[in-house]
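Just below is one structure, and these are the notes that go with it.
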Protein chains: 2
Amino acid sequence: MLNSYSSEDKVLLSVDCIIFGFDNEGLKILLIKRDFEPEKGKWSLMGGFLKKEESLNNAATRVLNHYTGLQNIYMEQLYAFSEVDRDPVDRTISVAYYALINIENHNTELIKNYHAEWFNISNMPKLIFDHDDMVAHAIRRLRYRTSTKPVGFELLPEKFTMRQLLELYEAILDKELDKRNFISKINSLDILVKLNEKDMQSSRKGSYLYMFDKEKYDAKLLNNFALNL
Amino acid sequence: MLNSYSSEDKVLLSVDCIIFGFDNEGLKILLIKRDFEPEKGKWSLMGGFLKKEESLNNAATRVLNHYTGLQNIYMEQLYAFSEVDRDPVDRTISVAYYALINIENHNTELIKNYHAEWFNISNMPKLIFDHDDMVAHAIRRLRYRTSTKPVGFELLPEKFTMRQLLELYEAILDKELDKRNFISKINSLDILVKLNEKDMQSSRKGSYLYMFDKEKYDAKLLNNFALNL
DNA sequence: ATTAATTAGTGTAGAGTGGACACTTTGTGG
DNA sequence: CCACAAAGTGTCCACTCTACACTAATTAAT
């Protein structure tokens, strides 16, 4: 009685990854220049096909690793895109994922080989197929996610200043935040460690570096995390 | 150069629908008794396979219509479930949708024929495969959705009392709400019409019936809708 | 050595929102 | 006409959110 679904249609399933990074220029997305037809030479998200023996999460992780060399990255499934004519080559349903990476850590050799580039989210080229929709979804989800998870820390280096954290949240939410209110809200979460170490790049006075306290955070997540900026 | 994806694996894609309804006994889900192997006789969500020439939204709408006779129903895509061994028959990825229906409107003949039944969400049988996960996801999403969309009105008859609306939200959120605070929050949304008509079933005094004001609501959605209960 | 320049760092008051709380009104059934 | 049952209605307190401006620390320039 197994294989009783044999009369049903089978389709191609792909994953496409919206990869977010952050540096002093703002919030960015990693895009790749397609080197095959159709739409050769156009910009695209990083994608790949689901193999029969893996889950979608595995496929997304595999694709991310393939293009960036990174592992153990925060990823989240977004949405399945399935319009009949979304891919002109063959009927393909694509499940979009987004990832938050520390822009300093990825393998820059790899992305050069793939003709990949970082684009500021406010200055992106038109993408192939429905990839623009996917990006719009991802940005919406990321904005919402700031209120339920400390997403910011995924995007920053291990040690960072309050100013960097503030500017990251401003970039994600696309609005100005009050410095004092921001700092007191972040401090009230009680998930940061203030280091005895200053970053001297940004000013003459120098600003303290902070780290994310994973233990305190894990304890907090079990109860409740909420951050309204 | 078309059909260049020919070496990739193809898989079965299905949709499974979590169908919510509400009556005076509480929030309910419509389940179906499987009449084929494997897991014949076990309870299951209503599902169907994606056909090559339709989108996932269309497939979900088709499945809902097939089992309930309903059209133009609020549905929302939830999540794609893709563990490799989730379906023992064949490799199948399933995209879960949830729907909100007015429990009085569906075709009761149809659901009898399909051996479908309504179950209170606090008293559900164990479901096949990963359908329990899907339901848990759907309830979480529905709870969140109350704060961003007036989901409640989808689940009630056209005319309803404040008490019904209150009890619906209590059932969705699984907590008691203060009657006065609830009513003032709902009224401050300004999307209800109070009718000159009373429901005399529930009490000797009778309670006013309300309707949802679609126009005011549409206007409001464009700006902002927020309801924190 | 003094000064100028630059960013870091810090607290408070006022407004608005959310939550707790109890009594009166209304109409029917007995 | 009285008893009953649910409907309907407003206030106060606590907390949270937001707006807002000055001092501290250090280095570079002279």
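Residue numbers start from 1 in every chain, and the chains themselves are labelled A, B, ... in the order their sequence lines are given, proteins ahead of strands.
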(message) Taking the minimum atom-to-atom distance to the side chain of Ser203(A), which one of dT18(D), dA7(D), dA8(C) wins?
(response) dA8(C)

(message) In this structure, how many angstroms lie between the P atom of dG27(C) and the CE atom of Met200(B), rounded?
(response) 8 Å

(message) Between P on dA25(D) and CZ on Arg204(A), what's the gap in Å once rounded to a whole number?
(response) 17 Å

(request) Starting at CG of Leu156(A), measure out to CD of Glu167(A) and round the result to the nearest 0.5 Å. (result) 10.5 Å

(message) More than 12 heavy atoms of other residues, nucleotides or ligands under 6.0 Å from NZ of Lys159(A): yes or no?
(response) no

(message) What is the distance, to the nearest angstrom, from the CG atom on Asp178(B) to the P atom on dC21(C)?
(response) 9 Å

(request) Please tell me which of the listed nucleotides, dG19(C), dG11(C), dA8(C), lies nearest to the side chain of Lys185(B)? (result) dG19(C)

(message) Looking at Lys175(B) and Glu170(B), is any side-chain nitrogen of the basic one under 4.0 Å from a carboxylate oxygen of the acidic one?
(response) no

(message) Regarding dA25(D), can its base be found pairing with the side chain of Lys205(A) as donor and acceptor, where the two atoms are less than 3.5 Å apart?
(response) no

(request) Would you mind telling me which residue lines up with the more 5' stretch of DNA chain C, Asn181(A) or Gly206(A), judged by nearest nucleotide? (result) Gly206(A)

(message) Judged by each residue's nearest nucleotide on DNA chain D, which is more toward the 5′ side, Ser202(B) or Lys194(B)?
(response) Ser202(B)

(request) Could you work out which one of dG8(D), dA21(D), dA20(C) sits closest to the side chain of Ser207(B)? (result) dG8(D)

(request) Would you mind checking if Glu76(A) and Arg141(A) are paired as a salt bridge, meaning a charged N to carboxylate O distance below 4.0 Å? (result) yes

(message) What is the distance, to the nearest angstrom, from the CG atom on Asn187(A) to the C1' atom on dG9(C)?
(response) 11 Å

(message) Applying the side-chain contact (heavy atoms from CB on, under 4.5 Å) criterion to Lys28(A), which one of Ile121(A), Ile19(A), Ile103(A) satisfies it?
(response) Ile103(A)

(request) For Gln201(B) and dA5(D), give me the distance from atom CD to atom C1', rounded to whole Å. (result) 15 Å

(message) Is there a side-chain contact between Arg163(A) and the phosphate of dT7(C), meaning an N or O under 4.0 Å from OP1 or OP2?
(response) no

(request) May I have the distance from Phe182(A) (atom CZ) to dG9(C) (atom P), rounded to whole angstrom? (result) 13 Å

(request) Whole angstrom is fine here: how far is it from CG in Leu166(A) over to C1' in dA8(C)? (result) 12 Å

(request) Go through dC17(D), dA7(D), dT9(D) for me and flag the one nearest to the Asn228(A) side chain. (result) dC17(D)

(message) Mind checking if Lys179(B) touches a base, just sugar-phosphate, or nothing, with heavy atoms under 4.0 Å?
(response) base

(message) Could you tell me how far apart Glu167(B) (CD) and dA7(D) (C1') are, to the nearest whole angstrom?
(response) 13 Å

